[in-house]
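Everything below concerns the one structure shown next.
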Amino acid sequence: MARLCKSCGTKNSFGSRYCEECGQKLEVKLEMPAIKKPVKLERSVIIRLIIISVSIFLLISFISSFGNIDRPLDMYY
């Protein structure tokens, strides 16, 4: 990226500190990338996610307990 001299408008090569045409000191611009803030979840959202996760786990456990019919029939035969 070429640097423009504010005094004479000359395009200077990358890394130049002084203008190659008029000798004026070139301005240094440091561009810092924008730092994104981490997403902050509200406490109520976290609690809802935990409740939903536990509910799904309990529902799956409850439904899977009815899947094996051989065990209750063994008690009678």
Side-chain angles (χ1 to χ4, degrees):
M1 182 174 150
R3 291 177 151 180
L4 283 175
C5 176
K6 288 189 175 185
S7 179
C8 67
T10 305
K11 287 185 180 180
N12 295 284
S13 59
F14 178 77
S16 299
R17 294 177 141 186
Y18 297 94
C19 179
E20 297 165 359
E21 186 68 29
C22 68
Q24 184 72 15
K25 188 170 183 175
L26 298 174
E27 195 174 298
V28 178
K29 290 183 182 177
L30 296 176
E31 294 182 16
M32 300 297 287
I35 299 173
K36 295 181 180 179
K37 293 182 180 179
V39 177
K40 187 175 182 182
L41 292 176
E42 293 181 17
R43 181 178 243 164
S44 61
V45 174
I46 295 172
I47 292 172
R48 286 180 191 159
L49 289 174
I50 291 172
I51 290 173
I52 290 171
S53 301
V54 169
S55 299
I56 291 172
F57 175 76
L58 292 175
L59 182 65
I60 291 172
S61 298
F62 182 72
I63 290 173
S64 67
S65 68
F66 290 112
N68 191 357
I69 196 164
D70 296 334
R71 188 182 55 184
L73 291 178
D74 287 340
M75 294 187 312
Y76 299 109
Y77 295 104

(request) Any ring pair (Phe, Tyr, Trp, His ring centres under 6.0 Å) involving residues 35-55? Give me the pairs, sequence neighbours left out, ordered by first then second residue. (result)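 Listed once each, the pairs would be none.
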(request) Please list all pairs passing the ring pair (Phe, Tyr, Trp, His ring centres under 6.0 Å) test where one or both residues lie in residues 36-65, with sequence neighbours left out. (result)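 Pairs touching residues 36-65 that pass the test: Phe62-Phe66.
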Single-linkage hydrophobic cluster [X]~[Y], side-chain heavy atoms < 4.5 angstrom:
{"X": "Ile50", "Y": "Val45", "value": "yes"}
{"X": "Leu49", "Y": "Leu58", "value": "yes"}
{"X": "Tyr18", "Y": "Phe14", "value": "no"}

To the closest 0.5 Å, what do you measure between [atom1] ([X]) and [atom2] ([Y])?
{"X": "Cys19", "Y": "Leu4", "atom1": "SG", "atom2": "CG", "answer": "9.5 Å"}
{"X": "Leu59", "Y": "Ile56", "atom1": "CG", "atom2": "CD1", "answer": "8.0 Å"}
{"X": "Cys5", "Y": "Glu27", "atom1": "SG", "atom2": "CD", "answer": "10.5 Å"}

(request) Tell me, with the steps shown, if Thr10 and Glu20 meet side chain to side chain donor-acceptor pair (under 3.5 Å). (result) CA-CA 8 Å; Thr10 305; Glu20 297 165 359; over 6 Å; no
(message) Under 4.5 Å side-chain heavy-atom separation, chaining through any Ile, Leu, Val, Met, Phe, Trp or Tyr, what else clusters with Leu26? Say none if it is isolated.
(response)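 Besides Leu26, the cluster holds no residue at all.
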